[in-house]
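A quick write-up on the structure given underneath.
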Amino acid sequence: MSRYKVAIAGATGAVGREMMKVLEERDFPVSELIPLASERSEGHRLEFRNREVVVRRLKPDSFAGVDIALFSPGASVSREFAPHAARAGAVVIDNSSAFRMEHDCPLVVPEVNPKDVELALKGRRIIANPNCSTIQLVVVMKPLHDAAGLERVVVSTYQSVSGAGQKGIDELEHQARALFNMAEIVPQKFPHRIAFNLLPEIGKDSGNGYTDEEMKMVNESRKIMGLPHLPVSATCVRVPIFFCHSEAAHLTFRKPLTPDQAREILRKSPGVKVVDDLKEHIYPMPILGAGDDDTLVGRIRTDLSAPNTLALFVVSDNLRKGAATNAVQIAELLARDYADKLSAKA
Ligand SMILES: NC(=O)c1ccc[n+]([C@@H]2O[C@H](COP(=O)([O-])OP(=O)(O)OC[C@H]3O[C@@H](n4cnc5c(N)ncnc54)[C@H](OP(=O)(O)O)[C@@H]3O)[C@@H](O)[C@H]2O)c1
């Protein structure tokens with residue numbers, strides 16, 4: 001079996017560290033791992049497969065001989081450095097929003113639109129990983145759409161602080177400690193206190209009353225599902241938990257679909273676990289989803305307020321399926337089905 005030289009740009013961040021863990025857990029055939037980050041982290045040591053690897057500074061010439069470059073250094077850094085990696089012959093899988101809506105960069109969730117990777121292999125060699133809250137929604141929507149034809153989506157999210165990176169995790173921890181110690185709280189990463197609070201603002205004001213996180217859910221769902229006019233309305237809320245995003249979704253279909261039919265379809269769908277027995281208090285929760293690569297779905301019921309509509313609750317680990325796992329699954333897809341297009345030496 002071929003082995004691949006893999007670079008991780010953003011290796012010291014929340015997603016980068018998780019990508020290293022997922023590569024190791026899923027036994028991806030790595031011949032050499034090159035962790036890259038900013039000059040702040042140059043020389044830091046990380047562990048991969050029980051060995052220390054030394055973080056190098058991300059530079060334009062960091063990618064010689066690299067086959068796969070997993071990127072998570074943030075959108076502006078990805079925009080600058082991903083083209084260098086692609087020019088050096090690597091296939092880039094980028095977690096940021098930099099390339100997601102570009103027409104020649106596919107936006108891929110392997111359970112939903114695996115063939116879209118071919119667009120990148122024919123051209124720019126950059127594949128975008130969708131936003132975390134979008135990934136878990138489309139994994140559930142796609143099989144239901146195939147069965148009944150999706151016509152409208154209304155979704156509210158409950159997104160963990162790790163969605164805002166390591167600084168988000170640190171801020172909730174510091175604020176929770178400070179509150180118990182009656183110390184002063186000065187919000188830094190989030191606009192208000194996040195500990196024991198909710199913030200109905202994720203990302204910037206996009207100018208139409210929605211935040212850009214909400215518009216990502218609209219535009220990215222349409223692109224991944226191949227439904228450019230799908231009506232989607234999202235409300236994204238940051239909640240004071242560390243890991244996992246949760247979503248309450250109302251999905252309207254062209255054809256009627258009962259909750260039992262939906263459960264049956266979802267039980268057979270890749271990457272989905274049905275966790276749904278209200279009488280027994282069984283439903284998706286962040287404490288069940290954290291560390292799991294599957295997307296959990298439950299509370300599936302008929303929406304009594306609208307025809308042909310189901311309400312359901314979806315939970316997924318934003319650092320895993322919402323970022324690292326999805327990126328590594330794309331790498332696995334490339335290694336399995338497109339190995340001849342992968343080698344930087346090819
Ligand atoms: N967190 C999530 O749930 C999630 C989900 C999906 C997508 N994403 C996206 O993934 C990206 C990273 O998110 P994260 O949560 O991992 O953030 P993070 O914890 O803040 O990590 C950022 C990483 O980027 C590196 N970096 C920053 N500036 C750099 C520069 N100028 N040159 C090289 N490396 C640089 C940092 O290195 P230093 O340690 O040296 O500063 C660190 O390794 C973002 O675009 C985010 O939107 C995140």
Test item: Met20 and Arg17 side chains (from C-beta on) under 4.5 Å apart, heavy atoms: no
Note, Met225 side chain near Lys142 side chain (heavy atom, < 4.5 Å): yes
Test salt bridge (Lys or Arg N to Asp or Glu O under 4.0 Å) applied to Lys167 and Glu171, step by step: CA-CA 6 Å; Lys167 287 188 178 146; Glu171 183 136 317; over 6 Å; no
Side-chain donor/acceptor of Arg267 to backbone N/O of Val272, under 3.5 Å: no
Side chain Asn131, main chain Met217, donor-acceptor under 3.5 Å: no
Under 3.5 Å donor-acceptor, His174 side chain and Asp170 backbone: yes
Leu266 vs Ile300 side-chain heavy atoms within contact, under 4.5 Å: yes
Residue pair Val108 / Asn326: nearest heavy atoms and the distance that separates them: O-ND2, 2.9 Å
Side chain proximity check, Pro259 to Leu310, heavy atoms < 4.5 angstrom: yes
Student check: side-chain heavy atoms of Tyr158 and Leu198 closer than 4.5 Å: no
Side-chain heavy-atom pair Leu172, Phe190 within 4.5 angstrom cut-off: no
ILVMFWY network linking Ile330 to Ile224, side-chain heavy atoms under 4.5 angstrom: no
Over 12 foreign heavy atoms within 6.0 Å of CZ, Arg152: no
Which atom of Ser206 lies closest to which atom of Met215, heavy atoms considered: OG-CG, 3.4 Å
Electrostatic pair Lys21-Glu18, nearest N-O below 4.0 angstrom: yes
Donor-acceptor under 3.5 Å (Thr309 side chain, Pro307 main chain): yes
is_close_aromatic(Tyr4, Tyr338), centroid dist under 6.0 Å: no
Listed partners of Lys122 passing side-chain contact (heavy atoms from CB on, under 4.5 Å), at least two apart: none
Intermediate values then yes/no, salt bridge (Lys or Arg N to Asp or Glu O under 4.0 Å), Asp27 and Arg49: CA-CA 10 Å; Asp27 205 17; Arg49 292 191 174 143; 3.7 Å; yes
Co-membership, hydrophobic cluster, residues Phe313 and Val139, 4.5 Å side-chain: no
Sidechain-backbone polar pair: Arg57 side chain, Ser38 backbone, donor-acceptor under 3.5 Å: no
Nearest heavy-atom neighbours spanning Ser160 and Asn318: OG-OD1, 3.0 Å
Sidechain-backbone polar pair: Asn208 side chain, Tyr210 backbone, donor-acceptor under 3.5 Å: yes
Geometric class of the Phe196/Phe180 ring pair [parallel <30°, tilted 30-60°, perpendicular >60°]: perpendicular
Hydrophobic cluster identity match, Ile265 and Leu137, side-chain contacts under 4.5 Å: yes
Verdict with supporting geometry, Arg320 and Glu25, salt bridge (Lys or Arg N to Asp or Glu O under 4.0 Å): CA-CA 12 Å; Arg320 292 187 69 98; Glu25 283 172 13; 2.5 Å; yes
Contact check, side chains of Leu144 and Leu150, non-hydrogen atoms, under 4.5 Å: no
Worked verdict on Thr258 versus Asp260 for side chain to side chain donor-acceptor pair (under 3.5 Å): CA-CA 5 Å; Thr258 67; Asp260 277 343; 5.5 Å; no
Co-membership, hydrophobic cluster, residues Phe48 and Leu70, 4.5 Å side-chain: yes
Lys/Arg N to Asp/Glu carboxylate O, Glu111 vs Lys321, below 4.0 Å: yes
Among Ile8, Ile93, Ile127, Leu23, side-chain contact (heavy atoms from CB on, under 4.5 Å) partner for Ile68: Ile93
Test item: Glu32 side-chain N/O and Lys5 main-chain N/O as donor-acceptor pair under 3.5 Å: no
Qualifying residues under salt bridge (Lys or Arg N to Asp or Glu O under 4.0 Å), relative to Asp205, sequence neighbours excluded: none
Donor-acceptor contact below 3.5 Å, side chain Glu220 vs main chain Arg100: no
Same apolar cluster: Val153 and Ile202, side chain cutoff 4.5 Å: no
Short side-chain to backbone donor-acceptor contact, Asp317 and Cys244, under 3.5 Å: no
Exam field: side chain Asp67 to backbone Ala90, donor-acceptor pair closer than 3.5 Å: no
